[in-house]
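Just so it is clear, the structure is predicted and the values come from calculations on it, not from any experiment. Values reported hereafter were calculated over all heavy atoms of this structure, with side chains retained and with hydrogens, waters and symmetry mates removed.
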Amino acid sequence: IYFVLIFLFLPILYSSNINSAEYPDTSLAVVDINLLLNDSKVAIDANKQIEEITLNIQEKLNKDESSLLKEEQKLIEAQSILAPEAFEENRIAFEKNVQSYQVKRQETLVKLENMIAAVRKEIIDEIKPILEEICEEKGITVVLEKGANLNTGLPVVILNAENMDITKVVLKRLNKALPKITVEFDE
């Protein structure tokens, strides 16, 4: 039985050696995408704009919330003066206003998240050709992400040789290619 198994797997072993010649030599590099998305000129500029937009949105939402609180206070004060039917009408109108505010707030926050995702995508779209160019120049066949995986939070690369890290080269070229970006919030 052992001889039969050996004869069955022998051709597979030899064919895998023959096929390996078809594949290029593997040259690895690592890049820290999170660093590029936080420390590049474009990211710093975009983060400032996003912060301003977020503050403006928060001010508007706080203003609307304050208005609702005043409306609620007036409703409570009017409860003893108004007839029960009139109070009930005002209460229903107030609840509709509260619901409308909550929907508007949620939609605004989703739009804000989508805007941030679009900015990140635009930066990453600019990084891809830079990576391809560096890979072509240096003969790199595989690039691994050095930072934490966005889904799991765990690092993709735990340890690497210093000369494998091309993050600084990518950062320099990204800063030159895309120093600024316009961030717009569609209300």
Side-chain angles (χ1 to χ4, degrees), residues 1-58 106-187:
I1 291 180
Y2 292 116
F3 291 114
V4 174
L5 289 176
I6 290 174
F7 286 116
L8 286 175
F9 288 113
L10 201 56
I12 294 171
L13 293 172
Y14 281 117
S15 68
S16 67
N17 286 339
I18 294 168
N19 289 337
S20 68
E22 296 173 13
Y23 294 103
D25 290 336
T26 302
S27 176
L28 298 175
V30 295
V31 66
D32 190 343
I33 297 292
N34 290 329
L35 184 135
L36 297 173
L37 290 173
N38 290 318
D39 294 352
S40 63
K41 287 181 181 180
V42 67
I44 292 168
D45 178 60
N47 285 334
K48 285 180 185 175
Q49 292 178 63
I50 290 169
E51 193 173 312
E52 282 181 35
I53 290 168
T54 303
L55 287 173
N56 288 337
I57 289 170
Q58 192 60 49
Q106 191 62 37
E107 287 173 350
T108 301
L109 294 176
V110 168
K111 285 180 185 177
L112 186 62
E113 287 175 12
N114 290 340
M115 178 197 69
I116 293 168
V119 169
R120 288 175 63 93
K121 182 186 179 312
E122 192 171 338
I123 295 170
I124 288 172
D125 287 347
E126 189 67 32
I127 291 171
K128 285 179 183 177
I130 293 170
L131 281 173
E132 290 170 357
E133 183 181 295
I134 293 169
C135 288
E136 185 71 29
E137 290 170 9
K138 296 183 181 247
I140 297 168
T141 54
V142 178
V143 178
L144 300 173
E145 186 176 349
K146 184 177 182 179
N149 180 298
L150 298 176
N151 295 326
T152 64
L154 299 173
V156 176
V157 175
I158 297 171
L159 183 66
N160 64 278
E162 188 65 35
N163 63 349
M164 290 176 67
D165 192 339
I166 60 172
T167 305
K168 289 178 184 174
V169 177
V170 175
L171 180 64
K172 185 177 179 182
R173 292 188 189 184
L174 178 61
N175 285 341
K176 186 177 180 183
L178 187 69
K180 292 187 178 213
I181 193 173
T182 303
V183 180
E184 295 178 0
F185 182 75
D186 298 325
E187 290 190 47

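Two residues are said to be in side-chain contact when any heavy atoms from C-beta on lie closer than 4.5 Å; I124 and L37 meet this criterion. Within the 4.5 Å cutoff, the side chain of K180 has no heavy atoms near those of the V42 side chain. For the pair I166 and I140, the minimum side-chain heavy-atom distance is below 4.5 Å. Considering only heavy atoms from C-beta on, E126 comes within 4.5 Å of L174 through its side chain. For the pair T167/L36, a side-chain contact is recorded, criterion being any heavy-atom separation below 4.5 Å from C-beta on.
The shortest non-hydrogen separation linking S27 to G139 is CB-O, 3.3 Å. Taking all atoms of both residues into account, the shortest heavy-atom contact from E137 to R173 is OE1-NH2, 2.8 Å. A pairwise comparison of heavy atoms in E145 and I33 identifies OE2-CB, 3.9 Å as the closest pair. F185 and L112 make their closest contact through CE1-N, 3.5 Å (heavy atoms, listed as atom of the first residue, atom of the second, distance).
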Carefully, step by step, assess Q58 and N56 under the rule side-chain contact (heavy atoms from CB on, under 4.5 Å). CA-CA 5 Å; Q58 192 60 49; N56 288 337; over 6 Å; no
Show the numbers, then the answer: is there a side-chain contact (heavy atoms from CB on, under 4.5 Å) between V30 and V143? CA-CA 5 Å; V30 295; V143 178; over 6 Å; no
Below 3.5 Å, can you tabulate the donor-acceptor pairs from side chains in residues 43-50 to any protein atom, sequence neighbours excluded?
| residue | atom | partner | partner atom | Å |
| --- | --- | --- | --- | --- |
| D45 | OD2 | Q49 | NE2 | 2.9 |
| D45 | OD2 | I181 | N | 3.3 |
| N47 | ND2 | A43 | O | 3.2 |
| Q49 | OE1 | V183 | N | 2.9 |
| Q49 | NE2 | I181 | O | 2.6 |

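A donor-acceptor pair under 3.5 Å is formed between the side chain of N175 and the backbone N or O of K41.
For the side-chain hydrogen bond (donor to acceptor under 3.5 Å, both in side chains) test with K146, the passing option among D165, D32, N34 is D165; the others fail.
Within 6.0 Å of CD on E133 lie more than 12 heavy atoms contributed by other residues, nucleotides or ligands.
Taken to the nearest 0.5 Å, the CD1 atom of I130 stands 11.0 Å off from the NZ atom of K176. Taken to the nearest 0.5 Å, the CD atom of E132 stands 8.5 Å off from the NZ atom of K128. Taking NZ of K138 as the reference point, atom CG of N163 lies at 9.0 Å (rounded to 0.5 Å).
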